[in-house]
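Note that ligands are numbered from 1 as they come in the structure, with each ligand's atoms numbered from 1 the same way. Values in this document were obtained by computation on a predicted structure and should not be read as measured data. Just the heavy atoms: all of them, side chains too, but no hydrogens, waters or symmetry mates, feed the values below.
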Amino acid sequence: VYIIINKVKYIKMRIDYHTHTKLSGDNTQTIDELCLSAIEKEIEEICITEHIDFNPGDTCYGHFNWESHLKNIEYAKSKYNLSVKYGAEIDYQPQYYDNIKEIISSCDFDYIMGSAHYVDDVIVFNHDDYFINKDMFTAYNRYFETELEIIKTGFFDGVSHFDLIKRWGSRFYGSFQPELFEGIITECLKEIIQRDMTLEINSSGIRQDPKEFYPHPYIVRLYKKLGGENITFGSDSHNKNQTGYNIDHIYKFLKEEGFKQLTTYSKRKKICVEI
Ligand SMILES: [Zn+2]
Ligand SMILES: [Zn+2]
């Protein structure tokens, strides 16, 4: 099915651009479980974005391997009637700048996301280490400053779970109020727009503590107001049945906010599809 917007032909497609299998090292999901869950949700294209981590202390460290990623995806493509893309979710820390540059140039990815899981060498998952003795402003501002640094590397096509920090921050400071950080958030969004990058709407926050997707609707609206158009959907699936998590809810939200298309990628070139 095609639709025409401004003389450009768009394919209408249901996608999930943030999924993991056990090759990521932090879950047990098989490639079959992932694909079957996508098909059940009538998703037509998935991007498998395995974790790539260079920090020896991280759970995912040492798991990523291009050959296994390739084999996994070739298997999925031959077995299922599903379009499958070669993605990556790279965990950014400035000391691994050269490693990241090297892996990006040596593998043939379709789509690469940059993720802030660490701030100033502390993993934000470990909430005691990161949040204790930090006031809310420092905790959140440092997170968004790290996001800005990631965006400015120019390495990535997409920004995953932009306000992930609220997953644990909400336990310490109550529900996240993006208006309080509008300055730094605006700076990040402008940089995303200027670089023609994609902002991901990640539904995993709905099943986690914040009980809302990433990023907060206020941030999505701000992005649109600033001229942002490149947006994609990801469930951050780590377990069976999570692929496509809340896709209908997110698609409805985006349509109501006036978004008409989602971005997909092939060999790191952007392709828009109708929502
Ligand atoms: Zn992540
Ligand atoms: Zn992920």
Side-chain angles (χ1 to χ4, degrees), residues 15-31 33-34 37-38 43 46-55 57-61 63-64 69 72-73 84-93 96 100 103-104 109-119 122-127 130 143-144 146-147 149-151 153 155-170 176 188 192 197-210 212-216 219 231-247 250 265:
I15 59 166
D16 187 339
Y17 257 60
H18 191 150
T19 65
H20 300 274
T21 74
K22 59 185 180 184
L23 291 182
S24 277
D26 64 343
N27 69 83
T28 58
Q29 175 159 251
T30 66
I31 185 76
E33 285 169 344
L34 199 169
S37 165
I43 286 166
I46 55 171
C47 186
I48 304 186
T49 51
E50 305 291 14
H51 286 292
I52 300 182
D53 205 295
F54 294 101
N55 186 328
D58 195 274
T59 319
C60 300
Y61 176 75
H63 282 270
F64 183 80
H69 193 36
N72 211 27
I73 293 177
V84 188
K85 296 292 181 183
Y86 303 86
E89 176 180 10
I90 299 184
D91 197 352
Y92 181 79
Q93 287 191 266
Y96 304 116
I100 295 171
I103 198 140
I104 289 176
F109 293 111
D110 287 309
Y111 173 63
I112 307 174
M113 287 184 295
S115 285
H117 297 141
Y118 288 82
V119 173
V122 179
I123 191 164
V124 293
F125 300 4
N126 191 343
H127 47 89
Y130 186 73
Y143 189 81
F144 291 118
T146 304
E147 286 283 19
E149 197 181 327
I150 292 175
I151 297 160
T153 60
F155 284 157
F156 308 106
D157 306 308
V159 178
S160 39
H161 45 54
F162 177 74
D163 59 1
L164 179 72
I165 192 70
K166 73 184 175 192
R167 177 170 176 186
W168 303 278
S170 57
F176 172 52
C188 292
I192 291 172
M197 289 170 71
T198 288
L199 182 70
E200 174 202 65
I201 309 296
N202 183 312
S203 63
S204 71
I206 303 171
R207 61 178 185 262
Q208 295 162 349
D209 271 6
E212 62 187 40
F213 51 78
Y214 309 110
H216 192 285
I219 297 174
I231 210 146
T232 199
F233 166 72
S235 65
D236 215 337
S237 150
H238 279 77
N239 292 297
K240 60 176 179 179
N241 305 323
Q242 284 180 348
T243 305
Y245 181 75
N246 264 277
I247 183 172
I250 304 288
Y265 285 82

State yes or no: are the ring centers of His63 and His51 separated by less than 6.0 Å? no

Which atom, counting only N, O or S, brings His18 closest to the Zn ion (ligand 2)? NE2

Return yes when at least one N/O/S atom of His51 is nearer than 2.8 Å to the Zn ion (ligand 1), and no when none is. no

Are the side chain of Asn27 and the backbone N or O of Lys22 linked by a donor-acceptor pair below 3.5 Å? yes

Give a yes or no on whether Asp236 keeps an N, O or S atom under 2.8 Å from the Zn ion (ligand 1). no

Is it true that Tyr92 and Tyr118 have ring centroids separated by less than 6.0 Å? no

One pair to check against side-chain contact (heavy atoms from CB on, under 4.5 Å): Ser160 and Glu200. What are the steps and the verdict? CA-CA 5 Å; Ser160 39; Glu200 174 202 65; 3.5 Å; yes

Could you verify whether a donor N or O on one side chain and an acceptor N or O on the other, from Thr21 and Glu50, lie under 3.5 Å apart? yes

Restricting to N/O/S, name the atom of Glu89 that gets closest to the Zn ion (ligand 2). OE1

Taking the Zn ion (ligand 1) as the reference point, name the nearest N/O/S atom of His117. NE2

